[in-house]
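Comments concern the structure below.
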Amino acid sequence: MSAAAKIPALEAREARWTEFLGSVRAQLTPEAKLQEREMLGPRTTMRVGGPARVYAEPATPEDLRRLLVAAGQLQLPVRLLGRGSNLIIPDAGVDGLVLSLNHAHWQQFEARPDGRVWAGAGLRLKNLCGLATKAGFKGFEFLEGIPGSVGGALRMNAGAMGGWMFDVVEEVRVMSLAGEVRDLPKAAMHVAYRHCAELHEAIALGALLRPAASAESADIRRQIDVYQKKRVESQPREPSAGCIFKNPPGNSAGRLIDESGLKGARVGDAEVSAVHANFIINRGRATSADIIGLVRQIRARVKSARGVDLEPEVLLFGQEWRDVL
Ligand SMILES: Cc1cc2nc3c(=O)[nH]c(=O)nc-3n(C[C@H](O)[C@H](O)[C@H](O)COP(=O)(O)OP(=O)(O)OC[C@H]3O[C@@H](n4cnc5c(N)ncnc54)[C@H](O)[C@@H]3O)c2cc1C
């Protein structure tokens, strides 16, 4: 598109945002949050990146549906933000409607009489572990220390210490981008390493989980303490987004990066952690451009030193890595 043609296109887009805000605001419950140009960096663990054009925290499923339908009618892009622990927000921000299930409505933990547990998508994994431990439910311990939400863990099929999120899932309740709610049994879902196909184009509202067994809270706590100790010893404390790259089949991305001599490598304030080479840490004032620059450097060095193409695990919010690498 030529520079002259871009200006009317931008103006038309701005007009759609104005129309969106004008129509949707009055449809939401008073508890819902709707904010223009909300900075997203502070809502992520890496702490970089610019604003969302519009940021919303629906307080009910009907709020969420109305936001989705209004954005769909005006062809405005929608993105889901969990606890921002697996994301890099671009410095320019996101020209989209960014939704967060931060309201208490989405943070339910309910033990059902049949032994299953309903967990809202906005529930922090730490709280899921804590509440399950208190209730004497075993099987969620591996999630302790993953700083995400249930929704983000479903989308990423988060895993640690030999366990995977979908090991404990029976059913996921989703809302499509058209606002329709469906319950998907695990058997109907396509799940792999850091991947859940059904959640690329839909929003997880919560999940029915099946504990592995009942146990004494003190015994469950002991296992959690073992995992916590492992994490403290093997992961950096500085802001990060967890592991930057997926492990290639049969290999460890951290080991490949370490063996390529990259620990401590730096672009601006983004640095390859000396504690765990698959973590990029923010030394204070890193930008997403610094992180992208360092990701490029790591990939090039590991390719030339070890002949392996590393694929990012962390997501570039609102963009595709292939467009920037
Ligand atoms: C210190 C540290 C340690 C970590 N350790 C681990 C680990 O051991 N194992 C591991 O797997 N990960 C780990 N992570 C990465 C991260 O915590 C997990 O991937 C987590 O599950 C992401 O959850 P989130 O809520 O932060 O999602 P976000 O990062 O906010 O989002 C991730 C993706 O999920 C989507 N999403 C979020 N909520 C929903 C929803 N309700 N419906 C549909 N899509 C949604 C987003 O759109 C995005 O595409 C670590 C991160 C850090 C910073």
Side-chain angles (χ1 to χ4, degrees), residues 40 43-49 52 57-58 61 64 68 77-89 94 96-103 105-107 119-129 141-167 172-177 184 189 191-207 227-228 230-232 234-247 254 273 275-276 278-282 312-321:
L40 296 179
R43 296 186 175 276
T44 70
T45 53
M46 188 58 114
R47 309 194 81 73
V48 303
E57 291 180 5
L64 179 59
L68 291 170
V78 175
R79 312 264 169 220
L80 223 290
L81 180 69
R83 298 202 63 85
S85 63
N86 206 48
L87 298 172
I88 308 295
I89 309 280
V94 180
L97 167 65
V98 174
L99 296 166
S100 163
L101 304 183
N102 213 10
H103 188 274
H105 173 83
W106 309 103
Q107 298 180 21
L123 184 67
R124 290 177 64 180
L125 296 172
K126 187 173 185 50
N127 293 345
L128 170 60
C129 278
E141 302 86 299
F142 69 99
L143 293 169
E144 170 74 32
I146 303 181
S149 62
V150 167
L154 290 166
R155 161 67 179 79
M156 300 308 299
N157 189 18
M161 316 290 167
W164 301 87
M165 184 64 191
F166 271 84
D167 291 347
V172 180
R173 179 163 297 169
V174 300
M175 187 180 281
S176 71
L177 296 183
L184 301 177
M189 301 185 77
V191 175
Y193 176 50
R194 304 292 182 263
H195 175 79
C196 171
E198 283 69 21
L199 294 180
H200 279 233
E201 292 294 327
I203 295 169
L205 305 183
Y227 289 158
Q228 253 174 359
K230 270 195 190 165
R231 265 185 201 273
V232 168
S234 63
Q235 292 184 359
R237 307 268 170 90
E238 293 84 352
S240 77
C243 288
I244 285 282
F245 296 100
K246 291 181 184 171
N247 287 321
S273 165
V275 178
H276 189 318
N278 200 15
F279 278 60
I280 289 181
I281 55 171
N282 179 355
E313 168 180 328
V314 164
L315 305 170
L316 194 56
F317 203 50
Q319 290 185 13
E320 297 292 334
W321 279 106

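One-based numbering, in listed order, for ligands and for the atoms of each.
Residue contact check for ligand 1: Gln235 places a non-hydrogen atom closer than 4.0 Å to it. No heavy atom of Met165 sits closer than 4.0 Å to any atom of ligand 1. Ligand 1 has Ala202 within reach: a non-hydrogen atom of the residue lies less than 4.0 Å from it. No heavy atom of Met46 sits closer than 4.0 Å to any atom of ligand 1.
The closest protein non-hydrogen atom to atom 53 (C) of ligand 1 is Gly242 N, 3.3 Å. Leu80 O, 2.6 Å is the protein heavy atom nearest to atom 47 (O) of ligand 1. Protein heavy atom closest to atom 27 (O) of ligand 1, with residue, atom name and distance, is Gly152 CA, 3.5 Å. For atom 4 (C) of ligand 1, the closest non-hydrogen atom of the protein is Pro147 CD, 3.7 Å. When hydrogens are left out, the protein atom nearest atom 18 (C) of ligand 1 is Ile146 CG2, 3.8 Å; that is the closest non-hydrogen contact. Protein heavy atom nearest atom 44 (N) of ligand 1, with residue, atom name and distance: Arg155 CB, 3.7 Å. The nearest heavy-atom contact from the protein to atom 8 (O) of ligand 1 is Arg231 NH2, 2.9 Å.
With Ala153, Gly318, Gly148 as candidates, the residue nearest to atom 21 (O) of ligand 1 on a non-hydrogen basis is Ala153. For atom 29 (O) of ligand 1, the choice among Ile89, Asn86, Val98 with the nearest heavy atom turns out to be Asn86. Residue nearest to atom 9 (N) of ligand 1, selected from Gly159, Gly82, Ala204, Ala241: Gly159 (by heavy-atom distance). The heavy atom nearest to atom 17 (O) of ligand 1, out of those in Gly84, Ser100, Ser85, is found in Ser85.
Heavy-atom contacts of Ser149 reach the following atoms of ligand 1: 23 (O), 24 (P), 25 (O) (cutoff under 4.0 Å). Interface atoms of ligand 1 facing Leu315, defined by a heavy-atom separation under 4.0 Å, are 33 (C), 48 (C), 49 (O). The contact set between ligand 1 and Met156, taken as ligand atoms under 4.0 Å from a residue heavy atom, comprises 19 (O), 33 (C). Interface atoms of ligand 1 facing Ala160, defined by a heavy-atom separation under 4.0 Å, are 8 (O).
Considering both main-chain and side-chain atoms, Asn157 never comes within under 3.5 Å of ligand 1 through any nitrogen or oxygen pair. Considering backbone and side-chain N/O atoms, Thr45 never comes within less than 3.5 Å of an N/O atom of ligand 1.
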I'd like to know whether Ile146 forms a side chain to side chain contact (heavy atoms under 4.5 Å, CB included) with Arg231, so could you lay out the CA-CA distance, the side-chain angles of the two residues, the decisive distance to 0.1 Å, and finally the verdict.
CA-CA 10 Å; Ile146 303 181; Arg231 265 185 201 273; 3.3 Å; yes
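At a heavy-atom cutoff of 4.0 Å, ligand 1 is contacted by both the backbone and the side chain of Arg83.
Comment: Glu201 does not engage Arg155 in a salt bridge, judged by the lack of any side-chain N to carboxylate O separation of less than 4.0 angstrom.
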